[in-house]
Number of protein chains: 2
Amino acid sequence: MLTDTINRPPNKEACGASINAIKDALYALNGKWKLLIIVSLVDGPKRFKEIQRDLETITPKILSKELKELELNGFVERKVFNTTPVTVTYELTPYSSSLGNIMNELRLWGIQHRKHLVETSKAQYLASTT
Amino acid sequence: MLTDTINRPPNKEACGASINAIKDALYALNGKWKLLIIVSLVDGPKRFKEIQRDLETITPKILSKELKELELNGFVERKVFNTTPVTVTYELTPYSSSLGNIMNELRLWGIQHRKHLVETSKAQYLASTT
DNA sequence: CCGGATCCGCCTAGATACTG
DNA sequence: CAGTATCTAGGCGGATCCGG
């Protein structure tokens with residue numbers, strides 16, 4: 001279960017390097033929505049309203065802002081089609097698939113964490129009780 | 001590189017389940033500091049000021065608040081020693097080692113992401129330019 | 001209905017200073 | 001050293017509006 005990142009003898013440089021690397025990662029993925037938007041787009045391009053429905057509680061304003069940041073950072077591509085009415089879709093770039101492992105680990109951990117909290121009667125610490 | 005979470009045919013239920021699981025994870029690990037504090041404690045118990053030095057830019061108020069939340073969520077244990085002056089240390093609980101895989105993936109991704117940004121001349125999107 | 005933009009306002013992260 | 005007090009700026013969200 002443990003990786004070589006954890007439970008090894010003290011090592012200041014390696015620890016500092018880890019902190020910097022994780023800082024970089026968290027900086028790019030900041031906020032509570034970016035990763036969730038990416039997950040929503042994993043099974044193909046979606047329209048603005050579809051993403052909003054997937055995430056349920058995000059407001060259009062926040063979604064708009066997050067999508068712009070994701071586009072700037074090269075995770076998402078916005079495509080406009082000249083249909084009538086105009087259609088806009090968002091889809092993942094190839095680079096965003098580099099996040100696959102992180103998402104998978106977060107998903108696995110989230111599942112076991114929910115189980116852990118329920119078993120120890122601490123379900124109040126969950127994101128939602130559904 | 002890809003896990004089975006990504007690049008598979010559309011599957012609404014699985015996608016929704018992923019979103020909920022990742023929501024749970026992000027909810028427990030919210031903010032930009034919790035994971036970094038845990039990394040800082042990986043190589044053994046540390047005192048308040050030591051953690052602050054590791055993280056460099058965190059203010060004592062935020063560190064105090066984050067440590068309290070980490071304690072409530074069962075990731076960190078606070079220990080007080082009746083020395084003069086009083087000494088306080090924080091250390092990881094066994095449960096926090098369940099985060100090992102997430103940390104490792106974040107660390108690896110952070111490293112490659114920094115490299116990616118430097119190579120594509122987008123270093124302005126990095127957490128710090130050092 | 002779709003893809004947003006705008007106004008309003010809370011809450012909290014963060015800076016700075018201070019205390020036992 | 002281990003935090004707390006005070007103040008401020010900005011992230012984030014609710015509600016509403018608007019052109020197509």
Side-chain angles (χ1 to χ4, degrees), chain A residues 19 22-38 40-41 44-73 75-92 125 127-128, chain B residues 19 22-23 26-38 40-41 44-73 75-92 125 127-128:
Chain A
I19 287 183
I22 295 184
K23 240 181 203 171
D24 284 341
L26 295 180
Y27 182 78
L29 309 172
N30 70 63
K32 36 192 282 199
W33 294 116
K34 290 201 177 56
L35 282 173
L36 295 172
I37 291 170
I38 293 178
S40 161
L41 292 175
K46 279 185 183 159
R47 307 181 57 171
F48 190 90
K49 217 68 172 185
E50 290 182 283
I51 306 174
Q52 197 183 345
R53 272 190 293 267
D54 274 354
L55 272 42
E56 293 178 353
T57 57
I58 195 170
T59 64
K61 171 181 157 190
I62 304 297
L63 179 54
S64 173
K65 192 200 52 155
E66 299 286 318
L67 283 170
K68 277 176 191 161
E69 293 181 25
L70 287 171
E71 203 186 350
L72 261 177
N73 284 276
F75 295 118
V76 162
E77 189 176 356
R78 182 179 189 269
K79 289 189 174 168
V80 183
F81 299 94
N82 282 330
T83 51
T84 46
V86 160
T87 317
V88 181
T89 69
Y90 296 88
E91 62 181 281
L92 297 183
Y125 294 132
S128 78
Chain B
I19 287 183
I22 294 184
K23 242 183 201 169
L26 293 180
Y27 182 78
L29 307 173
N30 70 65
K32 35 192 283 202
W33 294 115
K34 291 201 176 55
L35 283 173
L36 294 172
I37 292 171
I38 292 177
S40 160
L41 292 175
K46 278 185 183 159
R47 307 179 59 169
F48 190 90
K49 212 69 175 186
E50 291 182 285
I51 306 174
Q52 197 183 344
R53 270 190 293 268
D54 275 354
L55 272 43
E56 293 178 352
T57 58
I58 194 170
T59 64
K61 174 183 160 186
I62 303 298
L63 179 55
S64 172
K65 195 202 53 155
E66 299 286 319
L67 283 169
K68 278 175 191 162
E69 292 181 25
L70 286 171
E71 202 186 351
L72 261 177
N73 284 276
F75 295 117
V76 161
E77 189 175 355
R78 182 180 189 268
K79 289 188 175 168
V80 182
F81 299 94
N82 284 330
T83 51
T84 45
V86 161
T87 315
V88 181
T89 70
Y90 296 88
E91 63 182 280
L92 298 183
Y125 294 131
S128 78

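The basis for the numbers below is simple: all heavy atoms, side chains too, and nothing from hydrogens, waters or symmetry mates. A quick note: this is a predicted structure, and the numbers were derived from the prediction, not measured. A, B, ... follow the sequence lines: proteins, then strands. Residue 1 opens every chain.
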Residue pair A:Arg47 / A:Thr87, side-chain heavy-atom distance below 4.5 Å | yes

Rounding to 0.5 Å, atoms CZ (A:Phe75) and CG (A:Leu41) come to a distance of 12.5 Å

A:Phe81 and A:Thr89: which non-hydrogen atoms are nearest, and at how many Å?
-> CE1-OG1, 3.5 Å

Detail all sub-3.5 Å separations between protein N/O atoms and N/O atoms belonging to nucleotides 1-3 of chain D.
unit_1, atom_1, unit_2, atom_2, d
D:dC1, O3', B:Arg47, NH2, 2.8
D:dA2, OP1, B:Arg47, NE, 2.6
D:dA2, OP1, B:Arg47, NH2, 2.9
D:dA2, OP1, B:Val88, O, 3.3
D:dA2, OP2, B:Phe48, N, 3.4
D:dA2, OP2, B:Lys49, N, 3.1
D:dG3, OP1, B:Arg78, NH2, 2.4
D:dG3, OP2, B:Tyr90, OH, 2.6

Beyond-backbone contact of A:Leu67 with A:Trp33, side-chain heavy atoms, under 4.5 angstrom = no

For the salt bridge (charged side-chain N to carboxylate O under 4.0 Å, His left out) test, which of A:Lys46, A:Lys79, A:Arg78 pairs with A:Glu91?
-> A:Lys79

Nearest heavy-atom neighbours spanning A:Leu63 and A:Phe48 | CD2-O, 3.6 Å

Looking at A:Leu35 and B:Leu26, what are the two nearest heavy atoms and their distance?
-> CD1-CD2, 4.2 Å

Drop me the distance from B:Ile37's CD1 to B:Glu69's CD, to the nearest 0.5 angstrom.
-> 9.0 Å

On a heavy-atom basis, the closest approach of B:Gln52 and B:Pro60 is NE2-CD, 3.6 Å

Taking heavy atoms of chain A and a 4.0 Å limit, find me the 5'-most and 3'-most nucleotide of DNA chain C within that range.
-> C:dC2 to C:dC8

Every protein N/O lying under 3.5 Å from an N/O of nucleotides 9-12 of chain D:
unit_1, atom_1, unit_2, atom_2, d
D:dC12, OP2, A:Lys65, NZ, 3.0

Donor-acceptor contact below 3.5 Å, side chain A:Lys23 vs main chain B:Leu55 = yes

